[in-house]
Amino acid sequence: MEFYLKASLKTSADPAAGKEEIEKIMAEAEKTIFAKGAPEGEGAKIKSWSLGDKSIDVELTSGRYVRVHDAVMRLKKALAESIGKTHKIGIRGVEAETFTITVPSEHDLKNKKIPYVKSVEFTDGNLVLELEVSETEMRNQVPDRILTLIEDKLEKDEYGAKAEHWNLLWESEDREFHYTEDPTEDMLKQGWLKRGAGRGQWIHGSVTTRLFRVFEQIVVEEILNPLGYDEMIFPKLVMWDIWKHSGHAKGIYPEIYYVCPPKTRDPEYWEDVMDYYKVTHEVPVEMLKDKIGDPIGGMCYAQCPPSWGFFQGETIATESLPILIFDRSGTSHRYESGGIHGIERVDEFHRIELVWLGTKEQVVETTKLLHERYAHIFNDIMDLKWRKAWVTPWFMAQEGLAGIAADEVTGTTDYEAPLPYRGPTGEWLEFQNVSINGDKYPTGFNVKSQSGEKLWSGCSGVGLERWTAAFLAQHGLDPEKWPPEIKKRFGKMPKQVKFL
Ligand code: ATP
Ligand code: ZN
Ligand code: MG
Ligand code: MG
Ligand code: MG
């Protein structure tokens with residue numbers, strides 16, 4: 001990996017007068033200003049330099065340390081101090097004439113439209129990126145971000161475009177299933193639910209709603225109360241700023257439902273829309289496009305990111321740690337692709353999200369307890385066949401990053417269940433996850449602890465549609481055949497509306 005920069009430092013007068021001082025700085029730079037902060041011999045290098053009429057021109061190269069754009073700023077400062085003092089020559093600015101980054105790669109990039117990148121060439125096992133940057137971008141670390149972006153893209157290609165990491169941790173014993181229908185089809189037949197007007201949206205009747213509440217109550221009684229989680233209400237319309245801090249702004253665009261506010265609340269501004277509707281009985285969608293503002297964010301996608309606004313910028317007292325909270329205040333929305341026929345993959349769904357925050361030890365311990373409680377629920381109360389797998393952390397997947405977390409503690413455990421109607425080789429359904437997110441969120445939202453110890457966090461998303469889908473797929477729709485604990489909690493079948 002190499003950075004190359006040919007730059008021109010524009011001077012306020014002919015720099016020849018300061019040649020001696022300039023020579024001295026250039027001769028020492030690799031041992032002084034270009035070496036600071038780099039391992040021995042790995043700082044930036046000067047390939048050549050010369051003086052123009054009103055410029056000092058340099059060619060710099062570097063590897064990972066003291067990268068050329070950083071080096072040129074250090075050079076500018078040193079030169080300005082020296083010839084400014086002795087000869088009153090100022091340095092007006094830095095122009096990058098040529099700026100390239102060469103990254104080893106086995107293949108070309110698919111998408112070459114990268115901001116501030118003029119061209120991308122693939123030659124001799126290298127990607128050569130030619131940048132078009134001004135001093136501002138060089139100061140703002142744009143070249144570094146371009147390199148990170150390219151490295152992410154290459155790593156993703158290596159892991160396969162969509163492939164997520166998956167590693168089995170535990171699986172319950174095999175069993176025979178007596179029910180092999182698709183529960184959604186069956187529920188439709190029995191009138192338990194109906195399709196909503198929207199894509200991947202359902203209207204739950206009294207029966208499935210009761211079942212959701214049974215599961216929710218189990219979570220309350222078996223996890224939230226005994227472990228001491230307190231309920232909070234997290235926002236469900238999520239602003240870009242939250243997703244910038246959480247990292248989602250890097251990758252969730254294909255899957256979010258965007259939200260646009262009206263440009264004004266003035267009814268007169270909207271009168272033509274209202275009139276159009278009244279006359280045609282059609283909503284004039286094209287007309288609306290002009291009258292609404294830019295998207296301000298999207299509908300809740302992952303439940304926990306907006307909760308961080310509560311802690312953002314704060315220092316948390318030791319006595320408050322660990323913080324154990326949960327939210328069940330509203331729906332989550334995702335624009336899902338394909339296969340949204342049943343209740344297991346929907347565009348509007350219901351979740352309980354648990355969030356915990358504390359020192360690393362507290363977070364790891366909290367997570368352990370949670371896994372134990374979940375196992376108890378799935379084995380002893382819901383009597384499910386299920387398994388646990390170590391997967392690409394959810395935050396990496398949602399930022400569009402491939403691979404697996406760097407250490408053995410940080411990451412996501414998926415809980416999955418087989419759906420007998422899909423046959424013995426059918427894909428298992430992820431019905432929830434438990435994650436240790438390391439210091440990602442406390443760092444991203446600038447949350448500190450009183451003791452100064454680094455804060456960590458974890459979260460777990462209990463998908464009620466997914467629990468229901470897994471439970472019904474394995475046990476069927478007849479409450480008489482359900483495990484006794486569920487049957488008891490469900491009680492008498494609720495009233496159902498009779499349609500003629
Ligand atoms: P999948 O791999 O099935 O697409 P995911 O990994 O994208 O799920 P997460 O982002 O981990 O889902 O969300 C946490 C939990 O939210 C999931 O384990 C699941 O219970 C639930 N969930 C996610 N997407 C949906 C959906 N489209 N419909 C219903 N529940 C969902
Ligand atoms: Zn979360
Ligand atoms: Mg998904
Ligand atoms: Mg997941
Ligand atoms: Mg998943």
Side-chain angles (χ1 to χ4, degrees), residues 162-188 192-193 195 199-202 204 208 211-212 214-216 218-219 255 301-303 331-354 370-371 374-375 377-379 381-394 397-398 412-435 459-477 482-483 486:
K162 270 200 175 155
E164 283 194 20
H165 182 91
W166 190 92
N167 197 0
L168 182 66
L169 294 174
W170 184 88
E171 181 171 335
S172 53
E173 267 167 43
D174 268 336
R175 62 172 69 180
E176 250 181 73
F177 297 108
H178 301 288
Y179 176 83
T180 51
E181 304 296 312
D182 174 347
T184 302
E185 294 299 321
D186 226 2
M187 284 190 283
L188 274 168
W192 284 15
L193 41 65
R195 278 178 201 288
R199 185 182 192 276
Q201 186 190 48
W202 293 91
H204 290 280
T208 49
L211 207 46
F212 277 24
V214 166
F215 293 141
E216 199 173 77
I218 290 173
V219 175
E255 244 186 317
Y301 175 90
Q303 225 160 317
T331 46
S332 298
H333 298 258
R334 293 187 184 183
Y335 192 83
E336 292 286 355
S337 64
I340 47 167
H341 86 108
I343 63 157
E344 55 267 24
R345 184 169 300 282
V346 287
D347 280 31
E348 175 174 297
F349 53 98
H350 302 79
R351 265 188 311 203
I352 309 171
E353 171 105 349
L354 289 64
L370 196 57
H371 280 298
Y374 279 136
I377 293 174
F378 304 137
N379 290 332
I381 300 180
M382 288 167 72
D383 189 25
L384 285 181
K385 158 91 184 163
W386 60 286
R387 71 185 178 194
K388 280 199 292 193
W390 187 244
V391 299
T392 300
W394 67 275
Q398 292 175 12
T412 292
T413 302
D414 272 359
Y415 282 66
E416 304 177 341
L419 305 175
Y421 77 89
R422 289 187 182 171
T425 54
E427 189 196 337
W428 289 40
L429 180 69
E430 170 189 334
F431 60 92
Q432 64 166 31
N433 64 23
V434 173
S435 297
C459 69
S460 173
V462 173
L464 294 175
E465 278 83 356
R466 297 282 175 97
W467 276 38
T468 305
F471 178 80
L472 293 177
Q474 294 190 12
H475 292 290
L477 270 57
W482 290 350
I486 303 292

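Being a predicted model, the structure only gives us computed values, none of them experimental. When reading the values below, keep in mind they use all heavy atoms of this one structure, side chains included, and skip hydrogens, waters and symmetry mates.
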Would you compute the distance between atom [atom1] of [X] and atom [atom2] of [Y] and round it to the nearest 0.5 angstrom?
X: L464; Y: E216; atom1: CG; atom2: CD; result: 6.0 Å
X: F471; Y: L477; atom1: CZ; atom2: CG; result: 10.0 Å
X: I486; Y: I218; atom1: CD1; atom2: CD1; result: 3.5 Å
X: H178; Y: H475; atom1: NE2; atom2: NE2; result: 10.5 Å
X: C459; Y: N433; atom1: SG; atom2: CG; result: 6.5 Å
X: S337; Y: D347; atom1: OG; atom2: CG; result: 9.5 Å

Worksheet entry | Which residues share a side chain to side chain contact (heavy atoms under 4.5 Å, CB included) with A470, sequence neighbours left out | A417
Response to the item:
Residue set satisfying side chain to side chain contact (heavy atoms under 4.5 Å, CB included) with F378, at least two apart, ordered chain then number -> Y374, M382, L384, W386, Y415, F431, Q432, W467
Is any side-chain heavy atom of [Y] closer than 4.5 Å to one of [X]?
X: W202; Y: T184; result: yes
X: T331; Y: F349; result: no
X: L472; Y: W192; result: yes
X: R195; Y: L188; result: yes
X: V391; Y: N167; result: no
X: M187; Y: I343; result: yes

Quick one: side chain to side chain donor-acceptor pair (under 3.5 Å) partners of [X], sequence neighbours excluded?
X: T412; value: S435
X: Q474; value: none
X: D186; value: Y179

Fill in: Short side-chain to backbone donor-acceptor contact, Q303 and R351, under 3.5 Å
yes
Worksheet item: Does T413 reach the main-chain N or O of W390 with its side chain, forming a donor-acceptor pair under 3.5 Å?
Response: no
For [X] versus [Y], what's the shortest heavy-atom pair and its separation?
X: E465; Y: E348; answer: OE2-O, 3.9 Å
X: P420; Y: T180; answer: CB-CG2, 4.3 Å
X: E336; Y: V346; answer: CG-O, 3.6 Å
X: Y421; Y: E181; answer: CB-O, 3.1 Å
X: A469; Y: P183; answer: O-CG, 4.1 Å

Set of salt bridge (charged side-chain N to carboxylate O under 4.0 Å, His left out) partners for [X], sequence neighbours left out:
X: E430; answer: none
X: D383; answer: R175
X: E171; answer: K385

Listed partners of [X] passing ring-ring contact (aromatic ring centres under 6.0 Å, His included), at least two apart:
X: W166; answer: none
X: F212; answer: H204, H350
X: Y301; answer: none
X: H333; answer: none

Fill in: Axial cation check for Y335 ring with R199, 6.0 Å and 45° limits
yes
